[in-house]
There are 2 protein chains.
Amino acid sequence: MTQESAVASHRIADRLRAQILGGELAPGERIRQEELADEFGASRIPVREALRILVTDGLVTMVSNQGAWVSSLTMEECAEQYSIRERIEPLLLRQSMPALTADTFAQLDELLTQMESVAEVGEFIALDRRFHELTYSGCPTGTLADIITQLWNTTQHYRRVYSELVRGTGSGLDMTHLEHRLLLDAIRRNDPDDAERILAGHIRRTRLELEKHPEVFATT
Amino acid sequence: MTQESAVASHRIADRLRAQILGGELAPGERIRQEELADEFGASRIPVREALRILVTDGLVTMVSNQGAWVSSLTMEECAEQYSIRERIEPLLLRQSMPALTADTFAQLDELLTQMESVAEVGEFIALDRRFHELTYSGCPTGTLADIITQLWNTTQHYRRVYSELVRGTGSGLDMTHLEHRLLLDAIRRNDPDDAERILAGHIRRTRLELEKHPEVFATT
DNA sequence: TCACTTGTAAATGGATACATTTTTTCGTTA
DNA sequence: TAACGAAAAAATGTATCCATTTACAAGTGA
């Protein structure tokens with residue numbers, strides 16, 4: 001379990017991060033320091049520190065003398081982030097694979113089975129994320145993993161909105177399941193080249209899918 | 001020219017960043033808030049903000065209740081950053097190429113000529129950086145460019161130390177010049193595939209070269 | 001009616017003072 | 001002598017108060 005930090009700025013940052021990733025705070029939303037300070041029973045100093053921590057995460061955007069907002073992405077920016085992931089997640093997967101065990105494979109399999117039958121949108125994207133993160137779990141944390149976590153975080157809102165949009169239409173999700181199964185198979189066979197290729201394709205197709213729905217994104 | 005920010009925290013961050021990138025502050029060096037505050041005639045509040053800004057840049061590492069240090073990399077971490085660059089800089093170059101003009105080509109050529117005859121180490125790595133940045137200048141700034149700037153920044157110190165180490169031995173630098181010429185040629189010919197391949201190879205060879213000199217890095 | 005100005009409210013930036021945590025020092029003891 | 005521990009010193013974390021900047025709105029003029 002995650003221990004709550006004794007430092008107020010960290011506590012506030014953790015809580016805010018969870019709110020943003022959980023969808024309680026939408027991209028573009030204004031964040032006022034005093035409001036937050038009252039909410040947490042703290043002064044504005046730790047709130048400002050917390051905001052800067054979230055800037056590091058890419059989740060908050062600050063402008064001098066103007067304030068802070070939950071970061072938002074245009075469709076082009078979101079696509080850019082997917083293009084980056086397309087190039088570097090296969091690298092992380094390759095480095096992770098040697099350390100994965102049969103036990104991990106079983107967990108991955110179980111996650112896929114759950115995903116194939118889940119109805120709720122939030123649940124689906126959570127399982128999807130846990131699946132991919134588990135495939136990377138053979139890697140010690142480092143810059144590569146940090147960057148990828150950031151990219152997942154900053155695009156999470158748009159994944160959720162997209163999923164809600166296409167829910168029930170059956171579009172795209174079938175392919176996702178197929179790709180996941182292929183990916184797990186390549187990992188099990190310990191074929192890093194194949195795994196890299198499938199993962200890159202998976203991310204690429206997701207990006208193209210997102211680009212079919214500009215209405216998900218901010219207009220500016 | 002770069003306008004000095006009216007906000008103290010930004011001024012301090014800019015100055016500190018320049019000191020770190022310029023080699024005045026070495027990786028691992030402790031940063032005391034009060035010291036900096038005195039140095040800038042400010043209180044510790046803007047100093048703390050500045051430190052958090054540099055954490056975002058990856059140039060400073062902070063630990064709760066313990067303090068801040070100039071970030072340092074082990075050889076493995078530095079190699080990891082080069083591996084990431086190897087995958088994503090070719091992407092940035094590809095996106096940049098269509099916007100480059102004959103004028104840019106001429107500037108790139110001029111930079112290479114200067115590099116081939118420069119004697120001073122600091123001058124060399126500065127020209128090298130300007131050359132590559134100019135090849136990327138066709139791209140609007142975005143997440144990809146930001147990440148790459150960060151990776152260049154966090155590894156800059158080790159490039160400098162390495163360059164000083166091999167100065168005069170003639171090892172490796174010849175290859176660097178050849179690769180740069182090949183790269184510029186591919187860019188001129190507007191051959192993105194070739195340019196991507198050469199650039200990836202260039203970064204990869206630099207990484208391998210660095211890995212031949214573990215003494216450049218922190219031992220922990 | 002529209003553009004511009006100005007004044008006021010509100011929000012962010014920063015200084016000082018204090019609280020808390022960590023580190024260091026120094027004395028004690030086995 | 002080495003190890004343990006307590007007290008002092010130093011550094012970071014936070015609250016409060018004030019300064020400065022920005023945003024909003026009402027008012028004035030053409």
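Remember, it's a predicted structure, so these values are computed and weren't measured experimentally. Chain identifiers are assigned alphabetically (A, B, ...) following the order of the sequence lines, protein sequences preceding nucleic acid strands; residue numbering begins at 1 within each chain.
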Exercise. Of Ile31(B), Thr61(B), Ile12(B), which is the lone residue that meets side chain to side chain contact (heavy atoms under 4.5 Å, CB included) with Leu51(B)?
Worked result: Ile31(B)

Problem set entry | Selected nucleotide, minimal atom distance to Arg32(A) side chain, candidates dA15(D), dT12(C), dA11(D) | dT12(C)

Problem set entry | Most 5' of Gly41(A) and Ser64(A) on DNA chain D, judged by nearest nucleotide | Gly41(A)

Problem set entry | Pair of N/O donor and acceptor under 3.5 Å linking dG14(C) base with Arg48(A) side chain | yes

Exercise. Of Phe217(B), Trp152(B), Tyr82(B), which is the lone residue that meets ring pair (Phe, Tyr, Trp, His ring centres under 6.0 Å) with Tyr158(B)?
Worked result: Phe217(B)

Exercise. Does Gln33(B) place a side-chain N or O at less than 4.0 Å from the phosphate oxygens OP1/OP2 of dG13(D)?
Worked result: yes

Exercise. Does Glu77(B) come within less than 4.0 Å of Arg207(B), counting only side-chain N to carboxylate O?
Worked result: no

Seminar exercise, completed: Considering only heavy side-chain atoms of Arg44(A), the closest of dT23(C), dG13(C), dT21(C) is dG13(C)

Problem set entry | Sugar-phosphate, base or nothing in reach of Ile31(B), heavy atoms under 4.0 Å | sugar-phosphate

Exercise. What integer distance in Å separates Glu35(B):CD from dA10(D):P?
Worked result: 13 Å

Exercise. Across the strands shown, which category fits Leu51(A) at heavy-atom distances under 4.0 angstrom: base, sugar-phosphate, nothing?
Worked result: nothing

Exercise. When you check the phosphate oxygens OP1 and OP2 of dG13(D), does a side-chain N or O of Ser9(A) lie under 4.0 Å from one of them?
Worked result: no

Problem set entry | Interatomic distance, Glu34(A) CD vs dA10(C) P [rounded to whole Å] | 11 Å

Exercise. Are any side-chain N or O atoms of Ser96(A) and backbone N or O atoms of Leu92(A), one a donor and one an acceptor, separated by less than 3.5 Å?
Worked result: no

For this session: On DNA chain C, check which nucleotide each of Ile45(A) and Ala6(A) is closest to and give me the residue with the more 5' one.
Result: Ile45(A)

Exercise. The side chain of Pro46(A) lies closest to which of these nucleotides: dA15(C), dG13(C), dA15(D)?
Worked result: dA15(D)

For this session: Can you figure out which of dT23(C), dA15(C), dA23(D) approaches the side chain of Gln66(B) most closely?
Result: dT23(C)

For this session: Considering only NZ, NE, NH1 and NH2 on the basic side and carboxylate oxygens on the acidic side, decide whether Glu49(B) and Arg52(A) come within less than 4.0 Å.
Result: yes

Exercise. What's the closest nucleotide to the Ser43(A) side chain, out of dT16(D), dT22(D), dA11(D)?
Worked result: dT16(D)

Seminar exercise, completed: Regarding the side chain of Arg30(A), the nearest nucleotide among dA11(C), dG13(D), dT22(D) is dA11(C)

